[in-house]
Engineer: 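Pasting a structure below so you can have a look.
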Amino acid sequence: MLPCKIIPKSMSTPKLPTGPLKYAPFLFKPNLKPSSLVDPIKLLKISAETKNLRLGKILHALLITSNQPSKNGHPVFQTNSLIYFYVKCDEVSVARQLFDEMPERNVVSWTALMSGYLHNGLAFEVLSLYKKMVSLDGLCPNEYVFAIVISSCSDSGRVEEGKQCHGYVLKSGLVLHQYVKNALICMYSRSSDVDGAMRVLNTVPGYDVFSYNSVINKLIELEYLTEALEVLDRMMVECVVWDNVTYVAIFGLCARLKDLKLGFQVHGQMLKSDLECDVFVSSAMVDMYGKCGKILYAKKVFDCLQNRNVVSWTSIMAAYLQNGYFEEALNLFPKMEIEDIMPNEYTYAVLLKSSAGLSALGLGDLLHARAEKSGFKEHVIVGNALVIMYSKTGNIKEANKIFSDMIFRETITWNAMICGYSHHGLGKEALTVFQDMLVAGVCPNYVTFVGVLSACAHSCLVQEGFYYLNQLMKQMGIEPGLEHYTCFVGLLSRAGLLDEAENFMRSTPVKWDVIAWRTLLNACHVHRNYGIGKQIAETVLQMDPHDEGTYILISNMYAKARRWDGVVKIRKLMRERNVKKEPGVSWLEIRNITHVFVSDDNKHPESSQIYEKVGELLAKIKPLGYVPDIAAVLHDVEDEQKEDYLSYHSEKLAIAYGLMKTPTGAPIRVIKNLRMCDDCHRAVKLISKVTNRLIIVRDANRFHHFHDGNCSCADFW
């Protein structure tokens, strides 16, 4: 107790000054300690929670200099508090030094340091400490220790050690603690052991939302969607209160299932709850509505967001992309930048795929430069998008360059390159990439074999196709689907094995679609097998009486066979069924401006010069053997007029304009909405020869690389 002077009652009490005190040293006695320092451990705890490193160091110094025990009266308690403080401030090395200097430790000492190592990503140090704790100090670990150790096993991938811990906590009963249960579920989930996670969830009583979130997120990630629905039902039965993480996961489940009804129900439940809808939940809703095809709902949710981040912007862009609104997705990018939101690697991936959807090579080049300048080029998702973009916009060489420069490649990367080569008709190159994929130890999937079988079809490798379909896919546990069988039909058809292709389709228990039958019909057209072609055409028209492509093919087949009665019959049938041939449209991009051409169109500002250029090109190729194929013209007009129709097909106009406006030697890339007709195909082959240009035309079926009078499709498309 501090000494004080007793004032006699007879003496008057002095009045304190009423104004502000400049100096009042007598109010603070030198030996008076502030009351807040009576137990510095409390302040140390506050410093740890606020991560106030400076204040904590002052308190540490105070404890050293005063050498005064806390109210708990034991130095172990003080040192544990200091270890906890330094761990919370990410000063693990200081905490370890204090720990090593302790003459006596308890379980809390070990737990505090283990927790620090865990939260700083040093999982192996945790396991090393645990072994020392048991072997050196002989302490019995409690539920907190095991929660940390199991989490460390999860982070470091040491699942076997985690299973040993699981066995110990089962025997000791510590598994009943929620911390331990959550750690076990998280470990099994992260190691993709769904059975192990579900076993813990089902056999250990007690639950919380963290357990369910861990399990359901991993089930969705591994595509166990039915099991995820079962866990969702259980959460509803047990009346588990959902948090933001749960809603993000369940909206993701609805998106994967494309279950709009369930999505509406989850959205309604969220609105009824007291949950604060943050930007991540809203972004998950945008993604769900986008994947369910409800782009207007997605936009409405996005527009209602008060605070938007890069996740929400990328989600709405992805929603537009998934529903085929490529231009709308790209138009959001400048609006995002106006709000000072910086794009991330996922944003660039969406934008590059949107450019691919529009075949906008110039815009894709600009985005490529932006991504590289921003440091995102090395991200595998951006690399994948670049390979896809360059493949779909006709620059397969640049796609291969991006692919070759990628340090890390995943299955999607290999698939993009294989399918890119196949789409360009470069079957041997695609199969070479596939062999490299197997050598690299990357496991092929369903999509991989679609590209591989398509490559076999382009290269007429029948035996190899049989091997991949009937042996290798089965060895790898991949069940062939409609796409694989359709590719195989294309392979047999291209090889001229039309009877075998038809028998394969008739005997294989698959629900064939129009595309598969039209593949065989197109082969009948190329190989001029009109008997089988007529039967296949009847089958296709029964399935889809308004499939205009089939009418055009069968009409061309009749025309080539000079069966004019058949041509007239098809035209009449088209009129009766109100089937109209879609006008041919071609476009190309020059200096970031897209020029669109329609057959016989004269709306372009330079149409007279374009028509003159077409006439000049046709005059040059006629001496090389070009004769207009007027039999393919369905219009009932004179032969001379039919030649005019053929002369000004949209792709011829686009190629002529490209030759006028691009530098000598530059490749010309044209996109067309329909299948390229036989006459244009022959003409463009010869135009590539007389102009010494590489002309790349992407039609409804594939890419055609015309060079020096040849085409990459080998006249089969």
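What you see below is based on every heavy atom in this structure, not just the backbone, and it leaves out hydrogens, waters and symmetry mates. All figures in this text were calculated on a predicted structure; none of them were measured in a lab. Residues take their numbers from the sequence shown, with the count starting at 1.
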Engineer: What heavy-atom pair brings Met543 and Val514 nearest, and what distance separates the two atoms?
Structural biologist: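 Between these two residues, the closest heavy atoms are CE-N, 3.8 Å.
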
Engineer: Looking at NE2 of His681 and NE2 of His704, how far apart are the two atoms once the value is rounded to the nearest 0.5 Å?
Structural biologist: 5.0 Å

Engineer: Take Leu482 and Ile515 through the test side-chain contact (heavy atoms from CB on, under 4.5 Å) and record every step on the way to the result.
Structural biologist: CA-CA 10 Å; Leu482 176 61; Ile515 295 172; over 6 Å; no

Engineer: Between Thr413 and Asn384 (side chain of the first, backbone of the second, donor and acceptor by atom type, cut-off under 3.5 Å), is there such a pair?
Structural biologist: no

Engineer: Assert yes or no for the condition that the ring centre distance of Phe449 to Phe434 is strictly below 6.0 Å.
Structural biologist: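 Between Phe449 and Phe434, the centre distance is under 6.0 Å.
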
Engineer: Going from CG on Leu386 to CG on Asn395, what distance comes out if it is rounded to the nearest 0.5 angstrom?
Structural biologist: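 Taking CG in Leu386 and CG in Asn395, the distance rounds to 11.5 Å.
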
Engineer: Has His604 got more than 12 heavy atoms of other residues, nucleotides or ligands less than 6.0 Å from its NE2?
Structural biologist: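 For His604, atom NE2 is crowded (more than 12 foreign heavy atoms under 6.0 Å).
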
Engineer: Might you point out which heavy atoms bring Trp414 and Ala440 nearest each other, and give the distance in Å?
Structural biologist: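 Scanning both residues completely, I find the closest heavy atoms to be CZ2-CB, 4.0 Å.
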
Engineer: Could you please spell out the steps behind the side-chain contact (heavy atoms from CB on, under 4.5 Å) verdict for Val596 and Val585?
Structural biologist: CA-CA 7 Å; Val596 182; Val585 179; 3.6 Å; yes

Engineer: Indicate the ring-plane relationship of Phe597 and Tyr657, choosing parallel, tilted or perpendicular according to the 30° and 60° boundaries.
Structural biologist: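 Correct class here is tilted.
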
Engineer: Step through the shown structure and confirm whether more than 12 heavy atoms of other residues, nucleotides or ligands are within 6.0 Å of CD1 on Ile381.
Structural biologist: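 Yes, the 6.0 Å shell around CD1 holds more than 12 heavy atoms from other groups.
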
Engineer: Do the side chains of Phe403 and Arg409 get nearer than 4.5 Å, heavy atoms only?
Structural biologist: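 A side-chain contact exists here, since the closest heavy-atom pair is under 4.5 Å.
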
Engineer: How about Asp365 and Tyr390: do any of their side-chain heavy atoms sit closer than 4.5 Å?
Structural biologist: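 When only atoms from C-beta onward are counted, Tyr390 and Asp365 do touch, with a gap below 4.5 Å.
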
Engineer: Take atom CD in Glu612; do more than 12 heavy atoms of anything else shown fall under 6.0 Å from it?
Structural biologist: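 Open: at most 12 neighbouring heavy atoms sit under 6.0 Å from CD of Glu612.
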
Engineer: Would you say that Tyr468 contacts His484 through its side chain, given a criterion of any heavy-atom pair below 4.5 Å between the two side chains?
Structural biologist: no

Engineer: Considering only heavy atoms from C-beta outward, does the side chain of Ser354 approach that of Met317 to under 4.5 Å?
Structural biologist: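 Not in contact.
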
Engineer: Between Tyr611 and Asn602, which heavy-atom pair has the shortest distance, and what is it?
Structural biologist: OH-N, 4.2 Å

Engineer: Can you tell me how far the OH atom of Tyr558 sits from the NZ atom of Lys534, to the nearest 0.5 Å?
Structural biologist: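 The NZ atom of Lys534 is 4.5 Å from OH of Tyr558, to the nearest 0.5 Å.
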
Engineer: Do you see a donor-acceptor pair shorter than 3.5 Å between the side chains of Asn445 and Thr448?
Structural biologist: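 Yes - a donor-acceptor pair under 3.5 Å links their side chains.
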
Engineer: Using 30° and 60° as the class limits, which term best fits the ring planes of His423 and Phe703: parallel, tilted or perpendicular?
Structural biologist: perpendicular

Engineer: Do Ser586 and Leu653 come within less than 4.5 Å of each other through their side chains, counting heavy atoms only?
Structural biologist: no

Engineer: Ignoring hydrogens and angles, tell me if any N or O in the side chain of Arg256 forms a donor-acceptor pair with the backbone of Ile220 under 3.5 Å.
Structural biologist: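 The answer is yes, because a donor-acceptor pair under 3.5 Å joins these two groups.
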
Engineer: Hey, does Glu589 have a side-chain heavy atom less than 4.5 Å from the side chain of Arg669?
Structural biologist: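 In short, these two side chains do not touch, never coming nearer than 4.5 Å.
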
Engineer: Evaluate Cys524 against Gln535 for side-chain contact (heavy atoms from CB on, under 4.5 Å), listing each step before the verdict.
Structural biologist: CA-CA 10 Å; Cys524 295; Gln535 298 174 16; over 6 Å; no

Engineer: In sequence, state the C-alpha distance, the side-chain angles, and the governing distance for Lys392 and Arg698, and then conclude on side-chain contact (heavy atoms from CB on, under 4.5 Å).
Structural biologist: CA-CA 9 Å; Lys392 289 190 174 182; Arg698 175 185 172 183; 4.1 Å; yes

Engineer: Answer yes or no: are there more than 12 heavy-atom neighbours, outside Tyr224 itself, under 6.0 Å from its atom OH?
Structural biologist: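 It does not: Tyr224 OH has 12 such atoms or fewer within range.
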
Engineer: Tell me if the OH atom of Tyr325 is crowded by more than 12 foreign heavy atoms within 6.0 Å.
Structural biologist: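 Result for OH/Tyr325: open.
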
Engineer: Which value, rounded to the nearest 0.5 Å, describes the distance between His368 atom NE2 and Ser355 atom OG?
Structural biologist: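 Rounded to the nearest 0.5 Å, the NE2-OG separation comes to 12.5 Å.
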
Engineer: Rounded to the nearest 0.5 Å, what's the gap from CG on Leu351 to CG on Leu367? Could you check?
Structural biologist: 5.5 Å

Engineer: How many angstroms lie between atom CG of Leu225 and atom CG of Leu257, to the nearest 0.5 angstrom?
Structural biologist: 5.0 Å

Engineer: Are there more than 12 heavy atoms of other residues, nucleotides or ligands under 6.0 Å from atom CD of Glu582?
Structural biologist: yes

Engineer: Do Leu453 and Leu491 make a side-chain contact, defined as non-hydrogen atoms from C-beta onward lying under 4.5 Å apart?
Structural biologist: no

Engineer: Are Asp678 and Arg682 close enough for a salt bridge, meaning some N to O gap below 4.0 Å?
Structural biologist: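 Between Arg682 and Asp678 there is no salt bridge, as every charged N stays at least 4.0 Å from the carboxylate O atoms.
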
Engineer: Considering non-hydrogen atoms only, spot the tightest contact between Ala683 and Lys652 and give its length.
Structural biologist: CB-CE, 3.8 Å

Engineer: Could you tell me which non-hydrogen atom of Val489 sits nearest to which non-hydrogen atom of Ser493, and how far apart they are?
Structural biologist: O-OG, 2.7 Å

Engineer: Of all the heavy-atom pairs spanning Leu674 and Asp699, show the shortest one and how long it is.
Structural biologist: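 Heavy atoms of Leu674 and Asp699 come nearest at O-CB, 3.2 Å.
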
Engineer: Does a salt bridge link Asp565 with Lys569, judged by any charged N lying under 4.0 Å from a carboxylate O?
Structural biologist: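 Salt bridge: no.
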
